Amino acid sequence: QFDGGVAEKEAGGQAQSGSSVPPPVVTVRKDFRDAWIWKATQTDETGHVRMTEKVPDSITSWVITGFAVQENSDMAVTATPFQLNAFNPFFASLNLPYSIRRLEQFELKVTIFNYNNVSLDADVSLGEGEGFKILSGDQSMVIESLPGGGRSKSV
């Protein structure tokens with residue numbers, strides 16, 4: 001039995017008037033699988049089971065179905081599939097070129113999306129790493145009061 005609802009991946013605390021906002025939890029998304037297969041499990045004597053599963057990191061819609069098999073070979077299939085929307089209310093998206101050559105220069109564009117109901121501040125910074133070098137421009141930028149409600153800002 002699935003209780004329904006929308007899965008939302010939280011990216012920080014909600015601002016409340018008169019209180020400080022706790023620092024956001026930074027999570028690097030890594031799980032972008034195409035299929036989400038759940039483990040086989042036993043139901044209770046009423047034929048129900050409650051499971052907890054981590055939603056993959058893809059921002060997408062999942063269609064959830066299921067089936068059950070009894071010892072006497074009876075089989076039941078989900079009558080109506082359920083749609084689960086996986087969503088992240090605050091995230092950054094990097095606009096990277098398809099490919100680059102050694103010593104090639106390119107502009108890196110970062111877009112910050114805020115689908116929360118409150119404005120949030122974002123500190124965007126880029127540090128040098130092995131294999132690349134920052135040639136010019138700001139390496140760090142603070143976006144103050146990025147409005148909520150599905151707004152975005154590119155830096």
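On a predicted model such as this, the values are computed, not experimentally measured, just so you know. Just so it is clear, the values below take in all heavy atoms, side chains as well, and ignore hydrogens, waters and symmetry mates. The first residue in the sequence is number 1, and the count goes up from there.
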Checklist entry - Mind checking whether F90 and L120 have side chains closer than 4.5 Å, heavy atoms only? => result yes
Item to check | Salt bridge present between R33 and D31 (N-O < 4.0 angstrom) | outcome: yes
Checklist entry - Any side-chain heavy atom of D74 sitting closer than 4.5 Å to one from V69? => result no
Next on the checklist: Does any part of the side chain of Q105, heavy atoms only, come nearer than 4.5 Å to the side chain of I100, both counted from C-beta?
Outcome noted: no
Next on the checklist: Taking the side chain as everything from C-beta on, heavy atoms only, tell me whether W36 gets closer than 4.5 Å to S58.
Outcome noted: no
Next on the checklist: Counting only heavy atoms from other residues, nucleotides and ligands, does the tally under 6.0 Å from CG of D34 exceed 12?
Outcome noted: no
Item to check | Smallest separation among heavy atoms of T78 and G66, with atom names | outcome: OG1-N, 2.5 Å
Item to check | Nearest heavy atoms of V49 and Q42, plus distance in Å | outcome: CG2-O, 3.6 Å
Checklist entry - Could you go step by step and tell me if F32 and I59 meet the side chain to side chain contact (heavy atoms under 4.5 Å, CB included) rule? => result CA-CA 9 Å; F32 297 103; I59 297 175; over 6 Å; no
Next on the checklist: If you define the side chain from C-beta out and look only at heavy atoms, does anything of M51 sit under 4.5 Å from T41?
Outcome noted: yes
Next on the checklist: Tell me whether the rings of Y115 and F87 are parallel (<30°), tilted (30 to 60°) or perpendicular (>60°).
Outcome noted: perpendicular
Checklist outcome for this item: OG1 of T80 to CD1 of I64, rounded to nearest 0.5 Å, is 13.5 Å
Checklist entry - Counting N and O atoms only, with roles assigned by atom type, does the side chain of D44 sit under 3.5 Å from a partner on the main chain of G47, one being a donor and the other an acceptor? => result yes
Checklist outcome for this item: For L103, the hydrophobic cluster (side chain heavy atoms closer than 4.5 Å, chained through members) also holds none
Checklist outcome for this item: The reported gap from OG1 in T43 to CZ in R50 (rounded to nearest 0.5 angstrom) is 14.0 Å
Next on the checklist: Rounded at 0.5 Å granularity, tell me how far OG in S93 sits from NZ in K109.
Outcome noted: 11.0 Å
Item to check | Value rounded to 0.5 Å, distance of CD1 in I112 from CG in D121 | outcome: 12.0 Å
Item to check | More than 12 heavy atoms from other groups under 6.0 Å of CD on E53 | outcome: yes
Checklist entry - Are any side-chain N or O atoms of N114 and backbone N or O atoms of N116, one a donor and one an acceptor, separated by less than 3.5 Å? => result yes
Next on the checklist: Could you walk me through whether V110 and N95 satisfy the side chain to side chain contact (heavy atoms under 4.5 Å, CB included) test, starting with their C-alpha distance in whole Å, then the side-chain angles of each, then the deciding distance to 0.1 Å, before giving a yes or no?
Outcome noted: CA-CA 6 Å; V110 179; N95 187 7; over 6 Å; no
